[in-house]
Amino acid sequence: MLKKRKRTEMNQGEQKEKGSGTLNLKQIIQEQKLAIPSENIHFQEPMKNHVSFRIGGPAECFITIETQEQLKTVLLFADQNKIPITILGNGTNVLVSDQGIPGITLQIKLTGIKIENHEDYAIIHVASGEKIIPLAHNLAGQGIAGMESLSGIPGSLGGAVRMNAGAHGKEMKDILQTISTLDRKGNSHTYPVEEAEFSYRHSVFQTKEEIITKVTLKLTYGKTEEIKQQMQTYANERKQKQPLEFPSAGSTFKRGNGFITAALIDQAGLKGKQRGGAKVSEKHAGFIINQGNATAEDVIELTKSVQQEVQKQFGKKIELEIELIGQF
Ligand SMILES: Cc1cc2nc3c(=O)[nH]c(=O)nc-3n(C[C@H](O)[C@H](O)[C@H](O)COP(=O)(O)OP(=O)(O)OC[C@H]3O[C@@H](n4cnc5c(N)ncnc54)[C@H](O)[C@@H]3O)c2cc1C
């Protein structure tokens, strides 16, 4: 424990006042010998390399988290030094600001899958950094069914739980049993699914400042061939309907209350509308795609004009499904 704080140990707010935030955060991390492998820590890391939209300025400090111990260490360090924390899973539902992300960004790469077989069902213990697509394929190979509808969602388990991600009439909440987290002081919590306040693309974890570390899923048994065939049918459908050949963050807007958002965008004549490098996909009006050189500002401006036009033509309010990270 340090008795007296040195200049380099000022909190983030104090550093900002001194006007040299980047250097000081690096110094704090180096001087306090943050117990994380140095190859997991990067400064001024371009976020476009870590998100499916391929857009986003630098994270002031980007740390890849591989164990729960590492996560706890960084959370306590950030709490003590009052450094803001941003959480990233697989980066498939986020738009990162062109100005980047201040403080520490944690990329959650916790891994581990344990299968507990029962007579009529299987309980799967999964770390939150595992990705849905390979998990669904892995389980299908072992004759475990129930993830077919969700098997094309490109997120991590942690991100999918927070978003209550869903597809083809099924949502994460339908297969979850428990969700475990660490809070910002490093304390662990476990919630039964009933306490997670799941609804369409919503969970309690959107308001709690906790990091999802692991989940348990309750699944059934089936025939590998049949499960894989169903997954392939869904994958073909996605390929046919979605602009998977371009970077995006999936559906840009949420489903409407009593209307299909993408259909209204299409009827409003907005397919193909562009702003800088961002474009409303011609294949699927619900997707805004990055044609290669889009900025976050391009995407935001385009989403605003789509929202305004739909409001003007149909009197309907459409909300973003993608989450904004950093300053907008
Ligand atoms: C081509 C494409 C298709 C898609 N199809 C679908 C679809 O069919 N259905 C659907 O629902 N979504 C879909 N998505 C969106 C996205 O894949 C899901 O929302 C997914 O669940 C996000 O997971 P992620 O790990 O990528 O989260 P990220 O994008 O990394 O993060 C999303 C949010 O979750 C938070 N978060 C991430 N990990 C954790 C954690 N461990 N603890 C706490 N918070 C965390 C982040 O802070 C952020 O607020 C699609 C996206 C793409 C690019």
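Counting starts at 1 for both ligands and their atoms, following the listed order. These numbers come from a predicted model, not from an experiment.
In terms of N/O distances under 3.5 Å, ligand 1 is approached by Gly89. Looking at Ile212 next to ligand 1, an N or O pair under 3.5 Å apart turns up. Considering backbone and side-chain atoms alike, Ser52 places every N or O at 3.5 Å or more from each N or O of ligand 1. Taking only nitrogen or oxygen atoms, main chain and side chain alike, Ser248 does not reach within less than 3.5 Å of ligand 1. Considering both main-chain and side-chain atoms, Ile87 comes within under 3.5 Å of ligand 1 through a nitrogen or oxygen pair. Ligand 1 has no nitrogen or oxygen under 3.5 angstrom from a nitrogen or oxygen of Gln242.
Distances from atom 12 (N) of ligand 1 to the heavy atoms of Ile322, Ile153, Leu88 show the closest one on Ile153. Distances from atom 14 (N) of ligand 1 to the heavy atoms of Ser203, Pro243, Gly158, Pro154 show the closest one on Pro154. Around atom 28 (P) of ligand 1, the closest heavy atom drawn from Gly159, Ser156, Ala127, Gly91 belongs to Gly91. Between the choices His50, Arg162, Glu321, His168, the shortest heavy-atom distance to atom 33 (C) of ligand 1 belongs to Arg162. Of the candidates Gln206, Glu130, Arg238, Arg238 brings a heavy atom nearest to atom 6 (C) of ligand 1. Taking only non-hydrogen atoms, the option from Gly155, Pro247, Ala160 nearest to atom 21 (O) of ligand 1 is Ala160.
Taking a cut-off of under 4.0 Å to the non-hydrogen atoms of Leu244, the atoms of ligand 1 that pass are 1 (C). In the vicinity of Asn90, heavy-atom distances shorter than 4.0 Å reach the ligand 1 atoms 24 (P), 25 (O), 26 (O), 30 (O). Every atom of ligand 1 is numbered from 1 in the order shown, and the set under 4.0 Å from a heavy atom of Ala167 is 8 (O). Proximity to Met163 (heavy-atom distance under 4.0 Å) selects the following atoms of ligand 1: 19 (O).
In this structure, the ring of Phe205 has its center less than 6.0 angstrom from the ring center of Tyr191.
In this structure, atom 10 (C) of ligand 1 lies nearest to the protein heavy atom Gly166 O, 3.5 Å. What sits closest to atom 32 (C) of ligand 1 on the protein, heavy atoms only, is Val94 CG1, 4.0 Å. With hydrogens left out, the protein atom closest to atom 26 (O) of ligand 1 is Thr92 OG1, 2.6 Å, a heavy atom.
Taking 4.0 Å as the cut-off between side-chain N and carboxylate O, Glu245 and Lys283 count as a salt-bridged pair. The pair Arg184-Asp79 does not meet the salt-bridge criterion, since no charged nitrogen lies less than 4.0 angstrom from a carboxylate oxygen. Salt bridge absent: Lys223 and Glu225 never bring a charged side-chain N and a carboxylate O closer than 4.0 Å.
Between the side chains of Thr216 and Thr178, at least one donor N or O sits under 3.5 Å from an acceptor N or O. In this model, no donor atom of one side chain and acceptor atom of the other lie less than 3.5 Å apart for Ser97 and Gln327.
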